[in-house]
Engineer: 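Structure below; questions to follow.
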Amino acid sequence: IEVPDNPIIPIIHGDGIGKDVGPAAQKVLEAAAEATGREISWMRVYAGESAREKYGEDVNLPDETVEAIEEHRVAIKGPLTTPVGAGFRSLNVALRQTLDLYANVRPTYYLDGVPSPMSAPEEMDMVTFRENTEDVYAGIEWEAGTDEVEQVRDFVEQEMGFDETIHEGPVGIGIKPITEKGSKRLVREAIDYALEHDRDKVTLVHKGNIMKFTEGQFSEWGMEVADEEYPDDEVFAAPDSLWEEQDDIDIPEGAVMVEERLADAMLQWMQLRTDEFDVLAMPNLNGDYLSDAAGAQIGGLGIAPGGNFGKGRMLAEPVHGSAPKRAGQDMANPTAMILSGRLMFDYLGWDDAADLIRDAVEETISSGKVTYDLERQLEDAEKLATSEYTDEVVSNIEKLS
Ligand code: NAD
């Protein structure tokens, strides 16, 4: 997208460890922007606890925050606490829905020096596109015993092949909506990303063999996008890739191949044949599980970056939550939020600044200077506070630029 060299970027530091990692990321992003001849005008906006403190007990997500992100189009946020059970609904979900940020994007790549359970973690370099608005996460479900459940109960029992020894008693019911529009715009986003970033392949991950009219349709609609909306020599749809050997598929030279994989098998392939995968696109639930599992292979929550995309807007946010136990102790790992900022820079087209951030973080970690979460998994590492680690990354930015 077109942005000035000194854009206004709204930032929400976030709750819990957001108070530690938010300012840390801001410092690193500022240093990388400055080192590449740019300047960021930050606009502090509020949500969650900081919004309640500023605007009053009932205000969790002020209109000003939503309007700022709408207007400036690119923003970054730290984690926000969602109470379990009673209380307000997730502010993260509210932000994604209000701004229609329909693609949750998580790059998963290995940084030298990070502890990993894999034998060849350096082969991991994937970007997952998870549909953000539909599927069983749309929250359309009914508690056992409610009128809604009783109305459809006979039908459900009949469809399940009712056996009273197994199925009698309370039943909860949920609905899994998957739309053509929602599926197609997500897959389009993934394909465009692959084209822009010279990636070879987009893999549609689904369970369409079992859920034919939802996940199966997701895959069919995705293949339609690949087949009908791009020239064959740019994007090649391989709808038979589930059953055919890759080598038998005739892909035009240089084209991005759009293939498909079943979700359960994919979790295995991701670990056994890591280097075969590039960009993955999938419905909401698959994306949630798969991206967390991928993140665990390359250092876990303290490292894993993410962002939400849609309609010419992007909201960067780390995968992790507010980790209340570690809040305000200058302990938390700011890398996930820093690398989410890197993803934001990438979206702004600031490739040199984005590369500089990655190099500086990698230099810091590979020299054995890490926060507590990585230190306890590494031999001979030095445990740094959030602020010390941040200063180290900033100093590496200055050295490397
Ligand atoms: P969490 O990610 O906050 O923490 C899980 C554990 O991971 C922590 O106990 C901590 O040991 C570790 N951890 C996480 N981030 C870390 C970091 N940067 N550095 C070092 N260690 C880190 O998950 P949770 O405990 O399930 O959730 C806590 C709160 O966060 C909940 O209210 C939840 O709703 C919220 N949450 C928000 C978001 C978001 O804002 N996008 C995402 C997930 C959870």
Side-chain angles (χ1 to χ4, degrees), residues 11-26 28 45-52 60-61 65 69 75-99 101 103-106 111 114-115 130 132 137 139 284 287-289 291-293 295-296 298-309 314-341 343-344 361 364-365 369-378 381 383-390 393:
I11 181 165
I12 300 169
H13 283 165
D15 295 334
I17 56 166
K19 295 198 181 91
D20 305 290
V21 301
Q26 199 171 341
V28 169
V45 288
Y46 303 86
E49 195 186 319
S50 64
R52 293 195 293 279
N60 285 298
L61 187 58
T65 299
I69 302 171
I76 181 165
K77 68 172 274 293
L80 296 171
T81 299
T82 306
V84 177
F88 54 83
R89 67 197 251 271
S90 165
L91 297 176
N92 303 302
V93 175
L95 264 171
R96 289 171 203 162
Q97 283 179 350
T98 313
L99 296 163
L101 298 165
N104 184 259
V105 180
R106 294 180 177 179
L111 295 169
V114 166
R130 162 187 169 193
N132 230 354
Y137 281 24
N284 210 335
D288 196 12
Y289 292 169
S291 61
D292 270 27
I298 48 92
L301 286 174
I303 300 276
N308 301 289
F309 293 69
M314 190 249 182
L315 177 62
E317 63 169 336
V319 171
H320 67 70
S322 55
K325 244 176 35 195
R326 312 285 179 195
Q329 296 171 47
D330 198 18
M331 263 184 100
N333 190 347
T335 309
M337 182 120 175
I338 292 170
L339 294 178
S340 302
L343 185 63
M344 177 175 81
V361 167
T364 310
I365 296 176
K369 294 183 168 161
V370 293
T371 44
Y372 83 95
D373 52 322
L374 300 191
E375 190 263 346
R376 62 187 175 191
Q377 301 174 62
L378 290 167
K383 180 162 77 176
L384 301 188
T386 312
S387 52
E388 293 167 329
Y389 176 86
T390 306
V393 176

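Order of listing sets the numbers, starting from 1, for every ligand and every atom in it. What's counted below: heavy atoms across the whole structure, side chains too, no hydrogens, waters or symmetry copies.
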Engineer: So if I apply the side-chain hydrogen bond (donor to acceptor under 3.5 Å, both in side chains) rule between Tyr137 and each of Asn132, Asn284, Asp288, which one comes out positive?
Structural biologist: Asp288
Engineer: Would you check the N or O atoms of Val319, main chain and side chain alike, for any that come under 3.5 Å of an N or O of ligand 1?
Structural biologist: no
Engineer: Starting at CD1 of Ile11, measure out to CD of Gln26 and round the result to the nearest 0.5 Å.
Structural biologist: 4.0 Å
Engineer: Tell me whether Glu317 reaches ligand 1 (any heavy atom closer than 4.0 angstrom to a ligand atom).
Structural biologist: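 Yes.
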Engineer: Which option, Lys77, Met337, His320, Met331, owns the non-hydrogen atom nearest atom 15 (N) of ligand 1?
Structural biologist: His320
Engineer: I'd like to know if the side chain of Asp330 pairs up with that of Ser387 as donor and acceptor (distance under 3.5 Å, no hydrogens or angles considered).
Structural biologist: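 Short answer, yes.
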Engineer: Is there a nitrogen or oxygen of Pro318 sitting under 3.5 Å from a nitrogen or oxygen of ligand 1?
Structural biologist: no
Engineer: On a heavy-atom basis, I'd like to know which of Asp20, Leu95, Thr371, Leu80 is closest to atom 37 (C) of ligand 1.
Structural biologist: Leu80
Engineer: Pro79 heavy atoms, cut-off 4.0 Å: which ligand 1 atoms fall inside?
Structural biologist: 40 (O)
Engineer: Please determine whether side chain to side chain contact (heavy atoms under 4.5 Å, CB included) holds for the pair Ile69 and Leu95, giving the CA-CA distance in whole Å, both sets of side-chain angles, and the decisive distance to 0.1 Å.
Structural biologist: CA-CA 10 Å; Ile69 302 171; Leu95 264 171; 4.1 Å; yes
Engineer: Please test Val361 against Ile338 for side chain to side chain contact (heavy atoms under 4.5 Å, CB included), starting from the C-alpha separation and ending with a verdict.
Structural biologist: CA-CA 9 Å; Val361 167; Ile338 292 170; 4.1 Å; yes
Engineer: Distance alone, cut at 3.5 Å: any donor-acceptor contact between the side chains of Gln329 and Asp20?
Structural biologist: no
Engineer: For atom 38 (C) of ligand 1, which of the options Leu91, Asn92, Ile12, Ile17 provides the nearest non-hydrogen atom?
Structural biologist: Asn92
Engineer: Compute the shortest N/O to N/O distance between Gly321 and ligand 1 and return yes if it is under 3.5 Å, no if not.
Structural biologist: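 Yes: some nitrogen or oxygen of Gly321 is under 3.5 Å from one in ligand 1.
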Engineer: Check this for me, if you would: do Asp373 and Arg326 make a salt bridge, where the nitrogen-to-carboxylate-oxygen distance has to be below 4.0 angstrom?
Structural biologist: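 Salt bridge flag = no for Arg326 with Asp373.
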Engineer: Quick check on side-chain contact (heavy atoms from CB on, under 4.5 Å): which of Val393, Leu374, Thr364 does Lys369 satisfy it with?
Structural biologist: Thr364
Engineer: So which of Thr81, Leu301, Asp15 gets nearest to atom 7 (O) of ligand 1, if we judge by its closest heavy atom?
Structural biologist: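 It is Leu301 that holds the nearest heavy atom.
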Engineer: Evaluating non-hydrogen atoms only, which member of Ala47, Ala24, Gly300, Ser322 is closest to atom 30 (O) of ligand 1?
Structural biologist: Ser322
Engineer: Quick test of your reading of the structure: of Leu374, Val21, Asn333, whose heavy atom lies closest to atom 18 (N) of ligand 1?
Structural biologist: Asn333
